[in-house]
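Okay, structure first, notes after.
We count ligands from 1, going down the list as the structure has it; atoms in each ligand are counted the same way.
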Amino acid sequence: MQTAKQLIDGRWLTHVSGGERIGQAINPATGDVAALFCDGTAAEAEAAVAAALRAFDNTAWKRSPRLRAEVLLDFAAKLDARKEEIADWLVTLNGKLRREALGEIGAGISELRYYAGLARNLFGRVLEVEPGCYSSLDREAAGVCAIILPWNAPVTLLVRSLAPALAAGCTVVIKPACQTAVVNNMVLECMTGDTRVPAGVINSVIESGADVSRYLCESPDIDVISFTGSSAVGKLIAQNTAPTLKRLSLELGGKAPAVVFADADMDKTVAGLVAGGMVMAGQQCTAITRVLVEDAAYDAVAQKLVAALKAVKVGPGNDPASQMGCLIDVRNRDRINALMDTAQATQRVLLRGNVPGGALARGAFIEPSLVEVQDLSSDFIQKELFGPLLVIERFSNEDEAVTRANATRFGLAASVWSSDMKKSRRIAARLRSGTVWSNSHNRLFAEAETGGFRDSGYGRLHGAEGLNDFLQTKHFYFETNS
Ligand SMILES: NC(=O)c1ccc[n+]([C@@H]2O[C@H](COP(=O)([O-])OP(=O)(O)OC[C@H]3O[C@@H](n4cnc5c(N)ncnc54)[C@H](O)[C@@H]3O)[C@@H](O)[C@H]2O)c1
Ligand SMILES: O=S(=O)(O)c1ccc(CO)cc1
């Protein structure tokens, strides 16, 4: 059986000290053990950080932007060549649809190519402050970077932090989610064979607990943490890194509202709401979770949305007929099912999604749900639920739409649905959200920065600004007349 190992100082290892510890990765669609992973400890984290620091201090990696660009381009080509095989594993370990798996790998390839270009554009500035006196503002790699990742999109989320970190000249220690560690390692293999890359530039340590992550937060040798995950863990990281004052990029939870005006194209809008809400079975940080509808269109949208959600074919990610895959595990399926029990007792449920019977009952499958909620303090509105469950809310004017949309602590993504572009632009400017789409949802590009407001985090990934967290500006002063 495939076993995901630790990558430390250029070698794939089971452990560095003590006995070997092995964990199991489950196929969420069947409940079967699909792969194994080496379960790391602080000892592996310590060895990985030491290797990354040596590579940063003692090799020419940080001063070789052209080499880094070449390496990133070859990395993209190898990932492209292995995309079908990696997509198979992604479906097996995560449960998402094959087209979603291929979509996120494609996004990763695009990201690698984009940052390969930017690696050759890390220009500083020089100012002649007084005659013969110069201030040179140099952009340098920030140092050793830890990348801590969730399981929901293990290719794209890895690459969108790794590509800018490497482009900037950092060395890295990755802490992937153990559920999808095999996929993480297959992506890293696309670069580890490159003999031009010094040992220790990329390290990766898998764990089922949190000792490795805590070590990375506390280590004085880690300069930057690029974290993607829940707001709760993001806040813990902010606390645990305070004594060593690390640079933090926190890409956290979301609760994306879709604001639907009565003048929107209803059929296109409902199709967009279903696609944007049920993507990855609702386990995407930017997925639509709240549908806010203007009074005049509320009943029609609710009715069409119920019909469209009911029609979603839930099934295995590797079946081309499936339109939505399963959740990451049965525990999360049961959590969503229990939330729907609560909804039935406390709210107006427009569509109750059930756990399907038959062959799917063994897996983490659950059908889509739609719940009507008006009380802004309800947990259905305030909490990130991360499953195929949409809330529908009513508003009567633009001010109310904005107040409602901004009424949670999250601020990652939103969309506005209207045929009036001026109105959409006006509303977008008032939304406390890192991304706002018009008449679409979830359009993400390597070129365009994304990130959060408020509890959805800080820092930006993608785009030119995506480099900022991995670079330091150094002021070098010199005189030419002395
Ligand atoms: N903003 C984004 O771009 C984005 C993208 C994808 C997922 N997410 C969020 O991720 C969450 C789902 O993923 P999850 O359940 O794996 O998230 P999580 O926060 O539970 O775990 C994320 C990572 O943090 C690690 N971790 C656990 N305890 C830690 C600690 N004390 N210190 C440091 N790291 C620790 C985990 O092992 C894992 O690797 C959702 O909240 C989702 O919105 C955000
Ligand atoms: O699969 S992707 O659309 O690239 C993608 C982007 C962001 C996230 C964050 O949850 C997941 C998937």
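Under a 4.0 angstrom heavy-atom cut-off, Glu218 registers as lying outside contact with ligand 1.
Between Ser231 and ligand 1, a contact under 3.5 Å exists for no N or O pair. Residue-to-ligand polar distances keep Asn240 apart from ligand 1: every N/O pair is separated by 3.5 Å or more. Annotation: Trp151 places an N or O atom under 3.5 Å from an N or O atom of ligand 1; distance criterion only.
Between Leu376 and Glu393 there is a side-chain heavy-atom pair separated by less than 4.5 Å.
Between Lys246 and Asp221 there is no salt bridge, since no side-chain nitrogen of the basic residue lies less than 4.0 Å from a carboxylate oxygen of the acidic one.
Under the 3.5 Å distance criterion, with hydrogens and angles disregarded, a donor-acceptor pair is assigned to the side chains of Glu207 and Ser213. Residues Trp417 and Ser415 have side chains that bring a donor and an acceptor to within less than 3.5 angstrom of each other. Using modelled atom types and a 3.5 Å distance limit, the side chains of Thr192 and Glu189 yield no donor-acceptor pair. No side-chain donor from either of Thr180 and Asn94 sits under 3.5 Å from a side-chain acceptor of the other.
For Leu252, every heavy-atom contact with ligand 1 shorter than 4.0 Å involves the backbone, none the side chain. Residue contacts with ligand 1 for Leu461 are absent, since no atom lies close enough (heavy atoms, distance under 4.0 Å). Counting heavy atoms under 4.0 Å from ligand 1, residue Glu384 touches it through the side chain alone. Contact annotation for Leu412 and ligand 1: only side-chain heavy atoms (C-beta onward) come within less than 4.0 Å of the ligand. Residue contacts with ligand 1, taken as heavy atom pairs separated by less than 4.0 Å, involve Ile237 solely via side-chain atoms from C-beta onward. The side chain of Arg160, and not its backbone, has at least one atom closer than 4.0 Å to an atom of ligand 1 (non-hydrogen atoms only; side chain from C-beta on).
For ligand 1, the atoms closer than 4.0 angstrom to any heavy atom of Leu157 are 5 (C), 6 (C). Which parts of ligand 1 touch Leu236 is read off a 4.0 Å heavy-atom cut-off, strictly below it: atoms 31 (N). Numbered from 1 in the order shown, with element, the atoms of ligand 1 that lie under 4.0 Å from a heavy atom of Ile148 read 23 (C), 24 (O), 25 (C), 34 (N), 39 (O). Ligand-side atoms of ligand 1 in range of Glu251: 1 (N), 2 (C), 3 (O), 4 (C), 44 (C), range being under 4.0 angstrom from any heavy atom. Residue Asn152 approaches ligand 1 through these ligand atoms, each under 4.0 Å from one of its heavy atoms: 6 (C), 7 (C).
Between the OG1 atom of Thr156 and the CG atom of Leu461 there is a distance of 10.0 Å, given to the nearest 0.5 Å.
The side chain to side chain donor-acceptor pair (under 3.5 Å) check on Arg362 picks up Asp32, with sequence neighbours excluded.
Remark: among candidates Val233, Asp211, Ile225, the nearest residue to atom 27 (C) of ligand 1 is Val233, based on non-hydrogen atoms.
Between Leu351 and the options Leu389, Val371, Leu370, a side chain to side chain contact (heavy atoms under 4.5 Å, CB included) holds for only Leu370.
For residues 163-173, no pair satisfies salt bridge (Lys or Arg N to Asp or Glu O under 4.0 Å), with sequence neighbours left out.
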